[in-house]
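Because the structure is a prediction, the values reported are computed rather than measured. The analysis underlying the following values was restricted to heavy atoms, covering all of them including side chains, and did not include hydrogens, waters or symmetry mates.
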Amino acid sequence: MQRPAWFVKTVRPAPGGGPGCGDPRTGRRYAAVEGRIRTFTEEQPVFFAATAPLAGDGHVDVSPEGRGGTPVVVDGLTLPHPDFGGSNAEAIAHLREPGNGRITPTWCAFGGPPKAPRVHGTGEAVLRDGPRRDGCVGHFEGAGGPSARAIAVVGVRVRRVGDSCGFAVPFTDHREERTRHAEHFARKTDGEFAAYRERKEHVGRSLDGLPALPPPLPPGTDAPGTR
C-alpha cells in the first residue's frame with residue numbers, strides 16, 4: 001500500500017559521537033526519532049517549537065509546549081501535538097504559509113544525561129474540521145476539548161534529527177503539571193471558545209499578517225478526547 005505523501009523516509013547518516021562539547025564529533029545524527037531519542041523525547045514534560053515566516057524580516061516564533069502526553073511519536077518521522085487556545089497562532093500561520101511549513105521542535109534535559117535533541121523538518125496544521133483530524137486526535141488522551149484549535153503535525157518530511165550536548169542547561173526538578181489552562185477551557189462551550197478567540201488580535205492572522213485560524217471556528221468533533 002502506498003503511503004500518504006507526508007510519510008517520507010530519510011537516509012540514515014553515518015553516526016558520530018564524542019566525549020564532550022569541545023569535541024567536533026559530539027553531535028549525533030539519526031534517521032528518525034526512535035530508540036533512545038524517542039524514549040527521551042516522550043519522557044520530557046516540556047519542549048519548544050520554532051517556526052518562522054518566509055519573509056526575511058518576519059517574526060521568528062519559539063513556543064514552549066507542555067501538557068503531558070505530547071507530542072506523540074507515531075512512526076519516528078511524524079510527531080503530532082495539539083495546538084491549544086492562546087494569545088496568538090504564529091506556528092499555525094507559518095505551517096499554513098504556501099511554500100513554508102518549516103518547524104523545529106527541540107528538547108533539553110533538565111536532569112540526567114545532558115541531551116538536547118532537535119528535529120528539523122516541515123509540518124502542517126490539521127484544523128478542527130480537517131479530514132485527518134479524527135485520525136490525529138486519537139493519539140492523545142484528554143488533550144482535546146474546546147481549547148484544541150488544531151493538531152499541528154510536526155516533523156513530517158523529516159530532514160534532520162540531531163542531538164547535541166546540553167551541558168549548559170541547569171538541573172531543574174519537575175514538580176507537577178499546571179492544570180489551569182485545561183480546567184479553564186474545559187468549562188467553555190464551543191460558542192464561548194469562539195467568542196474568546198475572536199477577541200484575540202493575532203489568532204486569525206499572525207504578527208506578519210499571514211492567515212492563521214480561519215473564522216468562524218468549526219464545531220468540535222465526536223472523536224475520542226475532543227469533548
### Residue pair Leu207 / Asn88, side-chain heavy-atom distance below 4.5 Å
no
### Message
Side chains of Leu95 and Glu124, heavy atoms from C-beta outward: is any pair under 4.5 Å?
### Response
no
### Query
Looking only at atom types and distance, does a side-chain atom of Thr51 sit under 3.5 Å from a main-chain N or O of Val62, one as donor and one as acceptor?
no
### Query
Under the 3.5 angstrom rule, does the side chain of Asp208 hit a backbone N or O of Leu210 as a donor-acceptor pair?
no
### Query
Do Ser164 side-chain atoms and Ala116 backbone N/O form a donor-acceptor pair below 3.5 Å?
yes
### Same apolar cluster: Val169 and Val46, side chain cutoff 4.5 Å
yes
### Task
Identify the two heavy atoms, one from Pro98 and one from Leu54, that lie closest to each other, and give their separation to 0.1 Å.
O-CD1, 3.5 Å
### Summary
Closest heavy-atom pair, Gly111 versus Phe171, reported as atoms and distance to 0.1 Å, is CA-CD2, 3.8 Å
## Note on the structure
Taking every heavy atom of Pro45 against every heavy atom of Glu177, the minimum-distance pair comes out as CB-OE2, 4.3 Å
### Message
Any heavy-atom pair between the side chains of Asp163 and Phe40 that's under 4.5 Å?
### Response
no
### Message
Between Ser206 and His59, is there a side-chain heavy-atom distance shorter than 4.5 Å?
### Response
no
### Message
Using a 3.5 Å distance criterion without hydrogens, assess whether the side chain of Arg29 forms a donor-acceptor pair with backbone atoms of Gly162.
### Response
no
### Contact check, side chains of Tyr30 and Val119, non-hydrogen atoms, under 4.5 Å
no
### Message
Using every non-hydrogen atom in the two residues, find where Glu97 and Asn100 come nearest and quote the distance to one decimal.
### Response
OE1-ND2, 2.8 Å
### Query
Can you name the nearest heavy-atom pair linking Ala212 to Val203, along with the distance?
CB-O, 3.0 Å
### Message
Please check this pair: side chain of Arg102 against backbone of Pro53, looking for a donor-acceptor N/O pair closer than 3.5 Å.
### Response
yes
### Query
In Å and rounded to the nearest 0.5 Å, what is the CG to CG distance from Asp83 to Leu213?
7.0 Å
### Heavy-atom pair of closest approach, residues Pro113 and Ala109
O-CB, 3.2 Å
